[in-house]
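Report on the structure given below.
Labels below follow one simple rule: chain letters A, B, ... track the order of the sequence lines, proteins then strands, and each chain is numbered from 1.
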2 protein chains.
Amino acid sequence: MPITVLIVDDHPVVRTGLRAVLDGAADLVVVGEAATGEEALAMTEQVRPDVVLCDLRLGEGMDGIATTAAIRALSPAPAVLILTTYDRDAEVLGAIEAGAAGYLLKGVAPATILEAVETAARGGTYLSADLATRVVAGMRSPLPRLTDREVEVLRLLATGASNREMAKALFVTEATVKSHLVHIFTKLGVDSRARAVHVARETGLI
Amino acid sequence: MPITVLIVDDHPVVRTGLRAVLDGAADLVVVGEAATGEEALAMTEQVRPDVVLCDLRLGEGMDGIATTAAIRALSPAPAVLILTTYDRDAEVLGAIEAGAAGYLLKGVAPATILEAVETAARGGTYLSADLATRVVAGMRSPLPRLTDREVEVLRLLATGASNREMAKALFVTEATVKSHLVHIFTKLGVDSRARAVHVARETGLI
DNA sequence: GCCCAGGTCCATCAAAGGTTGGACGGCGTG
DNA sequence: CACGCCGTCCAACCTTTGATGGACCTGGGC
């Protein structure tokens, strides 16, 4: 009995590529394609695949992590393999937390994708080699938990807002903004707004 | 006589997808695949394709624009079609300036890709519909030309570097760095480093 | 009830960042 | 070739940011 796979990616070309790769394996059969998270969810309920191969970035609507969480909430829940171009720490952790059975970089060889799908179908977890160590590192020193307010400030910061502007936007005084900034800096281990934005981007925090 | 196409993308899956799409057309034949800009250049000289379909981002080494420029410098030069995930102004313009015969978003339908390749082979220019207007807008108010030095500063800036750090890195004084910053701010129409980084990212300048 | 954590607020001072104005060399054009 | 323009460089001055050390209030857990 072959392993059934649902492909989720917003790029037709990538879907075609994945289908071609998966069709090359005798024990795999692609049972559907979806372009959005919403579509993926609906199709999963209909066709009940063994594995969902899902891009992390899906253009409009739900992203890969939200889709993963929604799919894993179904029962019986198929394994979800996250596929992506980038290797941002926060996203890896987010995907794993959302119940993903693995995380693959798009740059990997076709054989690796097949291997990952088969591992996932057997209930295992597959992480691209270069990601495994990063995840472990991430586990050791988990990403700092920013409060909602702090994330709000961080987002404004990333748009280049000054303290004065953020204060206006958030209806607080400049002093309060500075206070939030200090907390953000401490949690991110930096000492300037510019660097805070940089690490926030790097870790996928924003 | 069929149109010959060389596929350039650092992701095996995407290459497979493109090959599948192009093989669907009777008058197209894929004569090779390359994973890097260097490889693409070498293969272009060997197999002399009519059209080179090239991803804008190629991981290590030359990027799509550099590769386009290098390929267009050959003679006879094949048409180069740029394929990408994103639609950043600066990159569109850069690609066109480098001699690209068009610019395609990866999200488009397979039929659109075929159409673009055929247009390119006939010597025409193809731009994804939503890009055309942006290019025109870009022409009307061209992106400011930053000098090499300014771009260098901007890149450091984006990593969150302080003036002092940039000065050390560039072997100039802090005052000089500030001077470059002023010019960058003026050209980008902003008044702070944070906002400069923001618009630089938005416009694909970095 | 008590305490602690998070959000808000504040003042002060040192250290960055940003503004202004100017010097020097290369390069193209009149 | 002289002129101006541009890129690079620099210094002095003023503004914003970041560090420090507090204060109050709210809500949740012991």
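Within the 4.5 Å cutoff, no side-chain heavy atoms of B:Val5 are placed close to those of B:Pro49. Side-chain contact between A:Leu181 and A:Arg193 is present, with at least one heavy-atom pair separated by less than 4.5 Å.
With no hydrogens or angles considered, a side-chain donor-acceptor pair links B:Thr173 and B:Thr176 at under 3.5 Å.
Considering B:Leu22, B:Val21, B:Leu18 as possible partners of B:Pro110, the one that fulfils the side-chain contact (heavy atoms from CB on, under 4.5 Å) test is B:Val21.
A salt bridge links B:Glu165 with A:Arg195: at least one charged nitrogen is closer than 4.0 Å to a carboxylate oxygen.
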Can you check each nucleotide of nucleotides 7-18 of chain D against protein heavy atoms at under 4.0 Å and return B for base, S for sugar-phosphate only, - for none, in 5' to 3' order?
-> SBBBB-----BB

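Rounding to whole angstrom units, CD1 of residue B:Ile184 and C1' of C:dT19 are separated by 15 Å. One interatomic measurement links the two molecules: CG of B:Leu156 to P of C:dA16, which rounds to 17 Å at whole-angstrom precision.
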